[in-house]
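All ligand and atom numbering here is 1-based and tracks the order in the structure.
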Amino acid sequence: MRILSKKETNYIDEQIPLRTGLPLALVMENVGRGIAEEIINSINSTNNKSASHVVFICGTGNNGADGLVAARQLLEYKIPSYVFIHGDILKGTDLFRTQYTACQSLDIKFVNSMKDIPWHSVGIVLEGLIGTGLTSDLRDPTQQLLEELHHWLTEYNIENLWAIDIPAGVQTNSGQVSKGTLTYTKTITFGASKLGMHLYPGTSYCGEISIKPLGVPWESINMGPHVHTLDKDLVCKLSPIRPSNAHKGVNGHAHIIGGSKSMIGAPIMAAEACVYTGAGKTTLHVPTDCILPVQCKIMPETMVQSFETNADLLLSLTDCTAMAIGPGLGRSKEAESLLTSLVSSFEGPLVIDADGLYALHELRATKQYFIDRNRSVIMTPHIGEFAHLTGQSIPYIQSHYVDMAREFSMAYNVTLVLKGIPSIIALPSGNIYINTLGNSGMGTGGMGDTLTGIIVSLLAQGMNEDTAAILGVYLHSASADFLHHTKPIGYTPSDVGKGIGYILKQLQV
Ligand SMILES: NC(=O)C1=CN([C@@H]2O[C@H](COP(=O)(O)OP(=O)(O)OC[C@H]3O[C@@H](n4cnc5c(N)ncnc54)[C@H](O)[C@@H]3O)[C@@H](O)[C@H]2O)[C@H](O)CC1
Ligand SMILES: [K+]
């Protein structure tokens, strides 16, 4: 499903009249009908007919105008509304003033104070104060107004607070939330949901998301790369179909490099997940001083080799269809020189994770290799690792999550899996995929190692970097969600790896 940024919604608003000759007022009429229908459905499905009044709290922008259109349309269904306007009507947008004037001759009750609303008979409150037009943190008078609204909702126990398009105070692009923002039970949005509704903390303020049509096809109005949610329909199309005569010689040989004396679990989890995801062969390379414990622990389906020096290792990487480096590698000068040698000499599919990313040091020595490569490298940082790679602070990354991921991916020719809540995949083309699956049980050491194993396995089996990253993130979270269903916490990254085949089966429709 497409998700829109602020720039895209503005562009669509601008282009619809230019391309179709239809006025934006017509689009507003459609979205207003969408809001009205949602209200009518809710009133019809509730037993409490005494709570049938609807309240609109509107600003003087187009978000408020959407509310006025809905209030007008509700009159045809004999549903009365109270409207409170915040701001100077004379300074409102043209569309707002048009709708305001139209409403004056109708049976809509405009109140000057929220005290004048008969709250005891109110069933639904809609907020149309600010939509995608939010410019900065909420200004003081708006914060106070929202505080007052919260007071009335609490006093009269009114549960249904619905946002028009996006809650006032949630930033459309980043999901950052201003002080004073209220928590909603529903957000009725138009055309497509907005980025900030899928990013924390914004996502937890929106409640249920209902998408209403604009009434004009808009998907062909493009202004550059897109953002999508990672949906089952999409990944079904990416799922591998293996010929019935396939054997281990054609199902890929994944090599995983990792491990250090104090960290043997990480490479083991990555290697085992790689096996469970179907690679024909999996070889794990670990330093000589940890090969024995690794051999004692690891599943017999993997091959384990040791290396004393980086030169030994590079020589032993024969018959390699994809490689992953990093899990448990440790932070050392040797790791840094290994990464430099590897990225400059290995041309095949490559995943860099964990300590492998740390060894790149803001890509100082290696960035040109990534840019010049024929194929992108997959990097799978969590936010802390991404901060190290980019030299930016974690709060800065959180408030520029999608933009930073996109810029990094495009600048360095990297297929980026930025692991966070939610994880996003940024492709060198500029397109972004937002993961909507996953659960709190995944917050445990080793989940990232398992993801690396899944992705390198898909690469080894012949998938390209973008597809392996998208499908890998989906399989990982879908497997974890399946486990979470019966065991909310305490399932392990290894359990997630073991479930991959079952999720692949579900994708074969
Ligand atoms: N294609 C679509 O999706 C359509 C969307 N529509 C609706 O239009 C709004 C966007 O309208 P716009 O006039 O650009 O801005 P808003 O009404 O969202 O906001 C302007 C309003 O808010 C005040 N304001 C801005 N920042 C702050 C702040 N930091 N603190 C306090 N107040 C602030 C500003 O002063 C104005 O009064 C979109 O969300 C949809 O609801 C159209 O219907 C067409 C189709
Ligand atoms: K709003």
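Counting only protein N, O or S atoms closer than 3.4 Å to the K ion (ligand 2) gives 7.
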Inset, instruction - With side-chain hydrogen bond (donor to acceptor under 3.5 Å, both in side chains) as the test, would you mind laying out the steps for Asn439 and Tyr491 before giving the verdict? - result: CA-CA 11 Å; Asn439 61 76; Tyr491 60 85; 2.5 Å; yes
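For the pair Lys109 and Tyr82, the cation-pi test (distance below 6.0 Å, angle within 45°) is passed.
Separation of atoms OG1 (Thr277) and CD1 (Ile503) is listed at 11.0 Å; rounding is to 0.5 Å. In this structure, CH2 on Trp218 lies 9.5 Å from CD1 on Ile16, to the nearest 0.5 angstrom.
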Quick one: side chains of residues 97-104, donor-acceptor pairs under 3.5 Å with protein atoms, not counting sequence neighbours, listed by atom name and distance.
| residue | atom | partner | partner atom | Å |
| --- | --- | --- | --- | --- |
| Arg97 | NE | Gly92 | O | 3.1 |
| Arg97 | NH2 | Asp94 | OD1 | 2.7 |
| Thr98 | OG1 | Asp94 | O | 2.8 |
| Gln99 | OE1 | Arg72 | NH2 | 3.0 |
| Thr101 | OG1 | Arg97 | O | 2.7 |
| Gln104 | NE2 | Tyr100 | O | 3.4 |

What donor-acceptor contacts under 3.5 angstrom involve side-chain atoms of residues 150-159, with partners at least two apart or in another chain?
| residue | atom | partner | partner atom | Å |
| --- | --- | --- | --- | --- |
| Trp152 | NE1 | Glu148 | OE2 | 3.3 |
| Thr154 | OG1 | His150 | O | 2.6 |

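The backbone N or O of Ile434 sits nowhere less than 3.5 Å from a side-chain atom of Thr229 that would complete a donor-acceptor pair.
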Go ahead and list the nitrogen or oxygen contacts between ligand 1 and the protein that come in under 3.5 Å, distances to 0.1 Å, or just say none.
| residue | atom | partner | partner atom | Å |
| --- | --- | --- | --- | --- |
| ligand 1 | 1 (N) | Asp13 | OD1 | 2.5 |
| ligand 1 | 13 (O) | Asn62 | N | 2.9 |
| ligand 1 | 17 (O) | Asn62 | N | 3.2 |
| ligand 1 | 17 (O) | Asn63 | N | 3.0 |
| ligand 1 | 18 (O) | Gly131 | N | 2.6 |
| ligand 1 | 18 (O) | Thr132 | N | 3.4 |
| ligand 1 | 18 (O) | Gly133 | N | 2.9 |
| ligand 1 | 26 (N) | Thr135 | N | 3.1 |
| ligand 1 | 26 (N) | Thr135 | OG1 | 3.0 |
| ligand 1 | 29 (N) | Ser136 | O | 3.3 |
| ligand 1 | 29 (N) | Ser136 | OG | 3.4 |
| ligand 1 | 29 (N) | Asp137 | O | 2.9 |
| ligand 1 | 30 (N) | Arg139 | N | 3.0 |
| ligand 1 | 32 (N) | Arg139 | NH2 | 3.4 |
| ligand 1 | 35 (O) | Arg139 | NH2 | 3.2 |
| ligand 1 | 39 (O) | Thr132 | N | 2.9 |
| ligand 1 | 39 (O) | Thr132 | OG1 | 3.3 |
| ligand 1 | 39 (O) | Asp165 | OD2 | 2.6 |
| ligand 1 | 41 (O) | Asn63 | ND2 | 2.8 |
| ligand 1 | 41 (O) | Asp66 | OD2 | 2.5 |
| ligand 1 | 43 (O) | Asp66 | OD1 | 2.5 |
| ligand 1 | 43 (O) | Asp66 | OD2 | 3.3 |

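Ile421 CD1: 12 or fewer foreign heavy atoms inside a 6.0 Å radius.
Side-chain atoms of His476 and Leu437, non-hydrogen and from C-beta on, never get closer than 4.5 Å to each other.
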